Protein chains: 2
Amino acid sequence: MAVSVREVAALAGVSLGTVSNVLNRPDKVAPGTVDRVQAAIAELGFVRNDSARQLRAGRSSTVGLIVLDGGNPFFTDVARGAEDAAMTRGLAVLVGNSDESADREQTYVDLFEERRVAGLLVSPAGDDLARLERLRDQGTAVVLVDRRADDDHFASVSVDDVAGGRLAVEHLTGIGRRRIAFVGGPSGIRQVADRHAGAAAAAAEAGATLEVLPTTSLSVLEGRRIGEELQARPATERPDAVFAANDLLAVGLEQAFIMRGSVRVPEEVAIVGYDDIAFAEAAVVPLTSVRQPAQDLGRRAIELLVAQVEQGQGIALEHVEFTPELVVRQSTVPER
Amino acid sequence: MAVSVREVAALAGVSLGTVSNVLNRPDKVAPGTVDRVQAAIAELGFVRNDSARQLRAGRSSTVGLIVLDGGNPFFTDVARGAEDAAMTRGLAVLVGNSDESADREQTYVDLFEERRVAGLLVSPAGDDLARLERLRDQGTAVVLVDRRADDDHFASVSVDDVAGGRLAVEHLTGIGRRRIAFVGGPSGIRQVADRHAGAAAAAAEAGATLEVLPTTSLSVLEGRRIGEELQARPATERPDAVFAANDLLAVGLEQAFIMRGSVRVPEEVAIVGYDDIAFAEAAVVPLTSVRQPAQDLGRRAIELLVAQVEQGQGIALEHVEFTPELVVRQSTVPER
DNA sequence: CTGTTAGCGCTTTCAA
DNA sequence: TTGAAAGCGCTAACAG
């Protein structure tokens, strides 16, 4: 079937140990020999068998990544960042999609464990991290993604949603708005609660009011529903700015305002969204939004993982928390 | 480090061959022994080493999938379908994102080849399939995804874009529209050309006209530009329906029509998009769109791959072409 | 039904 | 600088 080092060695007229050296430490081999071996490799189309390599070496050059939602752009960006960072280090990333199911997550953890991955990046589906702790205790590096580890059991990379909420509202007060509404829910979602907390703090500091308009989900439809309610109010009782917990809500608000033609954005009501989805820029009024550095998250997670692998168990577990950034567009600052 | 079959065998008081049998052919082992071995496995937390297994077995239980664009919902759906189908067969899917770069694609092909994957699912970045042919000649099963293989070199799964274009225009003529416009471009993109061809055929059959409005890209902005042009025309010179080559264009058209308030959708102009992106349903006027069975594509690709693996080289190469389906919403048929 | 044994392809001492 | 040999963990004969 596939050609092995043995055949390469035979063709090149050297021993298989030399072929291995050409592959792994070419500087330890005489230039002429290297050439001969490489010619043989090319001629036979030899491709190294990673299983054998890994079995012998005891360690793998693959890392696993388990994401909560493979269809979510945030996670595809995280994956992309991880992939890129891994590739420069000669690592490959196996991506699994748990779809928020603890069972599926478990299946992937098993799979990765059987493959003896160098480490695991995981955005956990539930609160039961016991299985991951066991893994880590057995020597597999584990980094939590998009979840701040509350204890010292795991390294983690996450984004500071409180800072994101603060950023949004500081921008709104900065452009002179004082009657601000926060649209979002359910409040049980940690991200929603954090963004609200940051928003509330920033509003209080600036002497602005923050009215909370709860939603049952983070969808365009819910945004439109709230938008309809707001535009039905007398102009004097409307907020002069809205911070939506995500972009879908914000787009729904925009639709309600623009479709009716009753509320001008941003003149009467400025709108800030969250996530900076691809669609934010293409909204009827391009949307100001809080962007999460998803690719950086993935990149950094790989770096923490590599550090753990290289420095072993004893390493201090880092918790990296990224600060989101504000992307200003016409939904808060009109085009000149 | 990790525990091996040897240690399990020692603890259970059997030989390592028996442990292997418990793992792979439990029915060949006495029930009592099975229990004892499994107790030992549980106690030691034994996890089988897949590298060793694969090295010995000569075959792998992983398949590689290389997609053109990891951020594109179409491909995340394909991946999801492939993952699900693979999982039920005990296969794992390694997903690589070529990002339309032939180089990146090559890197992943190399990676997968080193890992001796059972097969490769790939939506090729370029037209040079020579490398893939070599792979296939060496015995690795290859299935082309989202690209109809023009020859008998590869099995393939794709979606019939001509049928999709036909579907869209038949719907429009079916609701009585006769002056139809096709918005899309550049025409060099195969999907665009096919969708147009289907649309033209359907229009001709129904005795409708099909005006072509070319775009430089498939973006919301381009859609909005065309929309502005159309709404500036006298009502009598406007088409009574538009078929857009994708949903982004369609959303841009809608935005231009609705924002100006000058053209009613669907009364004056009906709009059909393509892809049925998540946003289509949430558009200001929910968008009628042509949906591609992306998950089915992924699932079927795995099935073709498995067939090749099981039946070997001699198998007749299948070309599965899916027919898209129309999702009707208010942009063509008003709510009652 | 269970134990023994021979490798899978590679890397890595250790000697020459 | 190169070659010979041992063995990673597992599976699949084959023998008992």
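Letters A, B, ... mirror the listed sequences (proteins, then strands); counts begin at 1. As the structure is a computational prediction, the values presented were derived from the model and not from experiment.
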Task: Salt-bridge present (B:Arg104, B:Asp99; N to O < 4.0 Å) - done: no

Open item on the list: Check this for me: B:Asp27, atom CG, are more than 12 non-hydrogen atoms of other residues, nucleotides or ligands nearer than 6.0 Å?
Closed with: yes

Open item on the list: Looking at A:Phe322, I'd like to know if the NZ or CZ of A:Arg300 sits under 6.0 Å from its six-membered ring centre while staying within 45 degrees of the ring's axis.
Closed with: no

Task: A:Glu113 and B:Arg48 ion-paired at < 4.0 Å - done: no

- [ ] Treat primed atoms plus P, OP1 and OP2 as sugar-phosphate and everything else as base, then score nucleotides 1-11 of chain D 5' to 3': B for base contact with protein heavy atoms under 4.0 Å, S for sugar-phosphate contact only, - for none.
- [x] SSB-BBBBBBB

Task: B:Gln54 side, atom CD; A:Asn49 side, atom CG - distance, nearest 0.5 Å - done: 7.0 Å

Open item on the list: Quick check for you: to the nearest 0.5 Å, what is the distance between B:Leu111 atom CG and B:Leu94 atom CG?
Closed with: 7.0 Å

TODO: Take atom CZ of B:Arg115 and atom C1' of C:dG9, then tell me their distance rounded to the nearest Å.
DONE: 15 Å

TODO: Name all residues meeting the side chain to side chain donor-acceptor pair (under 3.5 Å) criterion together with B:Glu83; count only those two or more places apart in sequence or in a different chain, and write none if there are none.
DONE: A:Tyr108

TODO: May I ask you to decide whether A:Arg148 forms a salt bridge with A:Asp160, counting only side-chain N to carboxylate O separations under 4.0 Å?
DONE: no

TODO: Starting from the first five and the last five pairs of the helix from C:dC1-D:dG16 to C:dA16-D:dT1, work out the angle between the resulting helix axes, to 10 degrees.
DONE: 40°

